[in-house]
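Just so we're clear, the structure is a prediction, and the values are computed from it rather than from any experiment.
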Amino acid sequence: MSSNSPTVRVARWSATHPWRAIGLWVAFVASAIALMMTVQTKQVADEDFRVGESGRAAAMIDDAGLAASPTESVLITSPKGSLDTAKAQAAATQVSKAAADVKGVSDVGPPIWSEKHDALLVPITMSGDEDAAADHVGALIDATAAVQKANPALDVEQAGDASLDAGINDKVAEDLASAESMSLPITFLILLVAFGAFIAAGIPVLLAITSVFTGLGLYAPVSYLVPDSGTVANVVLLIGMAVGVDYSLFYLKREREERMRGRSTVDAIEIAAATSGRAVVVSGFAVVVSMSGLFITREPVFSALAVGSILVVVVAVIGSLTVLPALLAKLGRWVDRPRIPLLWRLNRRIGAGGISGRLIRPVIRKPVAAAVISGGVLLALAVPAFGMKMHQGTIDTLPQDIPAVQAYQRLQQSFPSERPSIDVLVHTGKGSTDAARSALEAVQGNAIDGGLATAPDDAITVSKDGRTLELSMYAAHPEGDARNDTAIRDLRDSIVPRATDSLPATTTAVGGTVAENFDYENQPSTLPWVIAFVLILTLVMMGWTFRSVTIAMLTTVLNLLSVGASFGVLTLVFQHDWFNGLLNYESSGFVVDWIPLFCFVVLVGLSMDYHVFVLSRVREGLRNGLPYERAVEFGIRDTASVVTSAAVVMVSVFAVFATLSMLEMKQMGIGLSVAILIDATLVRLVLMPALLLKLRGRLERLGEVKSAEDAYAPKPALV
């Protein structure tokens, strides 16, 4: 057998030189892992997140050398009843002594009592910048924990940016380890049921996990161009397991089918390469196209997620086209060993498409009714998405069992000075320092009188050259309170302009934590541009692949319906309190703002796997002489077992993320798992075949269209 198809040529070489192909793959994976171990992944810097006026304020602070040293706070309270003053003071003394001995601590201030005398605060200043504080905060947390252990009658808690970041990082690492430990055995068990044999079930898991490690290894040096925001490893695991198993299933299932029809191992591999291999390439390219839409946002988080996802998808495609044929050639019929007797006999008895064949018959008999009912269900599920509220994650959306989160929330209640900051910057000409100070004093007075902020006595700081002044205030309300946004608007629109109008050659900016959150929330949304980019490119790609505008339009409609239904469910579950406690969370009243954008590009990319695979089999049936209705039935029936198995794996992997502690991971897990479940059942088994049958006149010539990739067309059994 011969073909000019690159997928067949690569598969043939791998099948006839299996040890070379396996050796090259092992060397590739080992090299990537060595990179991951030797090259430290670069993390995104704070300046990369700067946007709007708050970003300009932060730059002014850095340029003037006014950046404050990182601080940590140790809060001492009573778990029940009133706080014992003597015991609290003794504990504060212990904290001060312990903190003074910690490397990286530059100063420990005197204890501060709250206004109600129900809490005692020990302020601690760290040396160096935020990176240095992150390096040393672990020792300070240990010192605080030792004081807590020595004072069981009190609550001794630590809060600060460094300790909060450390707590979040520990929780993310814990979640990632939990996802790995749960997703791998679940995936393997599902594949055991699908194949009924241990080796066949293990091959997709092996390819997926090696793809994940290779993708992470390749990302390590790339991170110096596109730094990691801390979530790349989670997403690479999620995407890598999904596509790695998917692509292996497509290839392996087809190779087994051809061997059962009497083909030799090499011939079966070539047929799988010409059919499923081509579908894998198209599907992988679709995922890459979809994920590249994240670059449009120009946000560091999305750019890092896009790069990590693209790398792991490319690796999974390469593995499925090279090492997978080599493994199949080397194992031969041993790929179906050792068998699990009951599952093996059950799979053989049901056969390919045994169940789906029964499910699709009513759709073929009454396609209009099937399209109306399934389309109506999808539209009904999508309706709540129109009321979706999106908001940036807050302290309340973080896992409440992180000690620093609990401490920070209690700290804000007892000490207004620990609330988010509001900074007003003035850069003026030489000799105008006194006038600028007077203007900032007026701003401070108006902000305090208007209940917009609070401020200490020494709120104004002046740079060495006297040209940049900073007014540091604290928000009047805790972090996440919408009333803080009003303060930013009033300061920017009226209070600061009025106070600084008379200053010559003056530049002003309102920044700080509150302003940063405000600017991030109010920057122009890129979601419409991303949606347009992804849909247009996938439209062009499908039109080129199948040489059919109708197929391209159908793909777009089905993708939008699947995504809309998923967003509707996401809104119902997380925006309302109907499901509180079910997944160990309390409703935040909104969907975290980056989730819909990320889920959209992932869902469009992954749903193309099934779409390309099914349509390729329909076209194959038409080319082999089947009547149109029989070709549609053949395409759905013969791909149903693969699509269902792959979907169950994807849903299970995504559902694992829904059990994790981070709310963003829960929302992402629910959104993706629901969408894949809907896409693989209601869309692919009901709506898609119904629409294909109704569009018969436009698609009957689908099997006549040839391309360079289709030069080799195998003749499968059609019944």
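Between Gly605 and Val287, the shortest heavy-atom distance links the atoms O-CG2, 3.3 Å. The heavy-atom pair separating Leu192 from Ala201 by the smallest distance is N-CB, 3.6 Å. Closest approach of Val601 and Ser290 over heavy atoms only: O-CB, 3.2 Å. What you find for Val534 and Phe600 is that their closest heavy atoms are CB-CE2, 3.9 Å. Closest heavy-atom contact between Tyr251 and Ala11: OH-CB, 3.3 Å. The minimum heavy-atom distance linking Ser248 with Leu324 is given by the pair CA-CD2, 3.9 Å.
Relative ring orientation between Tyr247 and Phe250 is described as tilted, the plane-to-plane angle lying within the 30° to 60° band.
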Next item on the list: Take Met36 and Thr41 through the side-chain contact (heavy atoms from CB on, under 4.5 Å) test and state the conclusion after the steps.
Entry: CA-CA 8 Å; Met36 182 169 56; Thr41 301; 5.8 Å; no

Next item on the list: Verify side-chain contact (heavy atoms from CB on, under 4.5 Å) between Leu570 and Val674, making sure each step is shown before the conclusion.
Entry: CA-CA 9 Å; Leu570 196 63; Val674 168; over 6 Å; no

Next item on the list: Might you work through the salt bridge (charged side-chain N to carboxylate O under 4.0 Å, His left out) test for Lys253 and Glu257, ending with a clear yes or no?
Entry: CA-CA 6 Å; Lys253 280 274 190 179; Glu257 288 175 16; over 6 Å; no

Notebook entry, point to check: Do Val592 and Met390 pass the side-chain contact (heavy atoms from CB on, under 4.5 Å) test, and can you show the C-alpha distance, the side-chain angles, and the key distance before you say yes or no?
Noted result: CA-CA 6 Å; Val592 178; Met390 292 184 288; over 6 Å; no

Notebook entry, point to check: For Asp246 and Tyr610, what are the C-alpha separation, side-chain angles and deciding distance, and is it a side-chain contact (heavy atoms from CB on, under 4.5 Å)?
Noted result: CA-CA 9 Å; Asp246 258 20; Tyr610 307 145; 3.8 Å; yes

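Side-chain N or O atoms of Ser14 include none that pairs as donor or acceptor with a backbone N or O of Ala326 at under 3.5 Å. Counting only distance, with no hydrogens or angles, the side chain of Ser566 and the backbone of Ser562 share no donor-acceptor pair below 3.5 Å. Under a 3.5 Å cut-off, the side chain of Ser211 and the backbone N or O of Gly240 do not form any donor-acceptor pair. Side-chain atoms of Gln575 come within 3.5 Å of backbone atoms of Lys389 as a donor-acceptor pair (strictly under, hydrogens ignored). Proximity of a side-chain donor or acceptor of Thr526 to a complementary backbone N or O of Thr297 within less than 3.5 Å is not detected. At distances below 3.5 Å, not a single donor-acceptor pair connects side-chain atoms of Ser309 with backbone N or O atoms of Ala306. Listed for the Arg339 side chain is a donor-acceptor partner under 3.5 Å among the backbone atoms of Asp336. Side-chain atoms of Glu258 do not come within 3.5 Å of backbone N or O of Ile269 as any donor-acceptor pair. The main-chain N or O of Ala27 is found under 3.5 Å from a side-chain atom of Ser31 such that the two form a donor-acceptor pair. Distance alone, capped at 3.5 Å, places no donor-acceptor pair between the Ser178 side chain and the Glu174 backbone.
For Lys171, the side-chain hydrogen bond (donor to acceptor under 3.5 Å, both in side chains) test picks out Asp401, with sequence neighbours left out. Residues passing the side-chain hydrogen bond (donor to acceptor under 3.5 Å, both in side chains) test with Ser229, sequence neighbours excluded: Thr231.
Within the model, atoms OG1 of Thr556 and CD1 of Ile551 stand 11.0 Å from one another, a figure rounded to the nearest 0.5 Å. To the nearest 0.5 Å, atom OG of residue Ser652 and atom CD1 of residue Ile676 are 11.5 Å apart. Rounded to the nearest 0.5 angstrom, Ile168 CD1 and Asp175 CG are separated by 11.5 Å. Rounded to the nearest 0.5 angstrom, Lys666 NZ and Phe657 CZ are separated by 12.5 Å. Atom-to-atom distance recorded for Leu207:CG and Thr214:OG1 is 9.0 Å, nearest 0.5 angstrom. Within the model, atoms CG of Leu560 and CD1 of Ile531 stand 8.0 Å from one another, a figure rounded to the nearest 0.5 Å.
Met388 CE: more than 12 foreign heavy atoms inside a 6.0 Å radius. Residue Phe533 qualifies as enclosed at atom CZ: its count of foreign heavy atoms under 6.0 Å is above 12. With a 6.0 Å radius and a threshold of 12 heavy atoms from other residues, nucleotides or ligands, Phe285 has its CZ atom at or below the threshold.
Taking the centre and axis of the six-membered ring of Phe613, the NZ or CZ atom of Arg617 falls inside the cone set by 45° and 6.0 Å.
A salt bridge does not link Arg278 to Glu620: none of the charged side-chain nitrogens sits closer than 4.0 Å to a carboxylate oxygen.
Exactly one of Val282, Thr545, Thr555 qualifies for a side-chain contact (heavy atoms from CB on, under 4.5 Å) with Met608. That residue is Thr555.
Side-chain contact between Asp228 and Lys42 is absent, with no heavy atoms from C-beta onward closer than 4.5 Å.
Asp679 and Ser607 form no side-chain donor-acceptor contact under 3.5 Å, judged by distance and modelled atom types alone.
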